[in-house]
Amino acid sequence: MACLGLLVAGLALSPVRLPAMQCGAVRHSQPVLQGAAPIEEAYFTTASGLKYWDVKVGDGAMVEKGAMVKVDYTGKLTDGKEFDSSKGRGPITFELGAGRVIPGWDEGIQGMRVGGQRKLLIPSDLAYGVNGAGSSIPPDSDLVFETEVVGIASGLEAVGAKVPGGLPNLVLLSLLALSFVPYFLPTEIRETIPGFT
């Protein structure tokens with residue numbers, strides 16, 4: 001059913017658009033964060049248990065599996081304690097669906113549009129599970145992420161994002177590889193290279 005309400009004003013019918021994520025969403029009124037006042041956010045619950053709510057639907061390209069997405073985020077525990085944020089550092093770039101991030105991100109970011117903002121409520125089994133992550137994320141912790149897709153990387157930026165450490169490490173790796181090329185040349189050619197003995 002389309003998300004279209006009708007207002008009757010006299011004999012005229014005027015279409016009224018409802019907020020995008022409220023249509024067909026499972027409406028929850030329990031607090032998203034422990035100790036917080038109940039809020040009326042409409043969010044979807046997926047088959048895996050991931051919950052998401054589009055705070056703002058972007059107007060850019062839709063991100064799909066395999067895309068090199070650039071995401072700004074803030075991560076919190078369910079008690080509201082912030083454990084990580086890209087704010088001030090710049091967005092994280094990763095290949096969507098490749099397992100480079102927690103499963104809740106691979107599932108929760110897919111389908112967003114560039115410019116979109118989405119809140120993810122990730123159960124522990126789609127996050128860090130029984131191991132937790134360092135001292136910031138205890139074992140079996142459900143996580144709350146406020147995310148924004150700021151772009152889709154392409155070209156050299158996308159290639160660099162696939163290398164651990166990003167573009168700087170890709171450049172260093174390339175230079176290192178090139179420094180070994182003379183060793184694979186025939187001896188008569190190596191002897192003609194200035195400074196190579």
Side-chain angles (χ1 to χ4, degrees), residues 46 48 50 52 54 56-77 82-120 122-139 141 143-197:
T46 68
S48 68
L50 172 78
Y52 68 93
D54 279 329
K56 174 187 169 196
V57 177
D59 54 8
M62 183 177 289
V63 297
E64 298 173 353
K65 186 175 180 177
M68 296 300 291
V69 294
K70 299 193 300 189
V71 179
D72 260 332
Y73 68 93
T74 299
K76 299 177 182 178
L77 300 174
E82 184 177 308
F83 60 82
D84 194 14
S85 180
S86 66
K87 307 294 182 186
R89 280 195 321 243
I92 180 175
T93 304
F94 63 96
E95 183 178 359
L96 187 62
R100 303 265 320 260
V101 292
I102 60 175
W105 267 48
D106 273 338
E107 182 181 349
I109 300 295
Q110 192 165 336
M112 289 182 70
R113 292 187 173 278
V114 174
Q117 298 173 356
R118 183 176 281 178
K119 183 179 279 187
L120 304 174
I122 302 176
S124 66
D125 60 321
L126 295 176
Y128 297 99
V130 296
N131 297 322
S135 61
S136 302
I137 302 174
S141 293
L143 304 178
V144 179
F145 281 95
E146 297 164 0
T147 63
E148 178 180 5
V149 175
V150 296
I152 299 175
S154 61
L156 192 56
E157 181 182 20
V159 172
K162 288 188 176 194
V163 175
L167 193 56
N169 280 359
L170 178 62
V171 170
L172 287 174
L173 199 64
S174 300
L175 290 174
L176 181 62
L178 287 173
S179 70
F180 285 97
V181 168
Y183 292 101
F184 296 102
L185 296 173
T187 306
E188 49 281 349
I189 294 176
R190 276 189 281 163
E191 292 171 350
T192 63
I193 298 174
F196 188 82
T197 55

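Since this is a predicted model, take the numbers as computed values, not measurements.
Using a distance-only test at 3.5 Å, with no hydrogens or angles considered, a donor-acceptor pair links the side chain of Arg113 to the main chain of Gly60. Although no hydrogens or angles enter the test, the distance criterion places a donor-acceptor pair under 3.5 Å between the side chain of Asp106 and the main chain of Gly99. With Thr147 contributing its side chain and Tyr73 its backbone, the two residues share no donor-acceptor pair below 3.5 Å.
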Under 3.5 Å, which donor-acceptor pairs do the side chains of residues 125-134 form with other protein atoms, sequence neighbours left out?
none

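Ionic pairing of Arg89 and Asp84 is present here: one or more N-O contacts between side-chain nitrogen and carboxylate oxygen are shorter than 4.0 angstrom. Taking 4.0 Å as the cut-off between side-chain N and carboxylate O, Arg118 and Glu146 do not count as a salt-bridged pair.
The closest side-chain heavy-atom distance from Val150 to Val114 is not below 4.5 Å. The closest side-chain heavy-atom distance from Leu96 to Gln110 is below 4.5 Å. Proximity of Thr93 to Val69: side-chain heavy atoms (C-beta onward) are nowhere separated by under 4.5 Å. With a 4.5 Å cut-off on side-chain heavy atoms, Val144 and Lys119 count as touching.
When all heavy atoms of Ile152 and Met62 are compared, the closest pair comes out as CD1-O, 4.3 Å.
Between Phe145 and Phe83, the ring planes are perpendicular. Angles over 60° get that label, and only those under 30° would be called parallel.
If you check the side chains of Ser48 and Glu107, you find a donor sitting under 3.5 Å from an acceptor.
Ser141 meets the side chain to side chain contact (heavy atoms under 4.5 Å, CB included) test with Leu77, Ile137, Pro138, Leu143; sequence neighbours excluded. Annotation: side chain to side chain contact (heavy atoms under 4.5 Å, CB included) contacts of Ile189 (sequence neighbours excluded): Leu185, Pro186, Thr192.
If you take OG on Ser85 and NZ on Lys76, they are separated by 9.0 Å, rounding to the nearest 0.5 Å.
Surrounding NZ of Lys87 are more than 12 heavy atoms belonging to other residues, nucleotides or ligands, all under 6.0 Å away.
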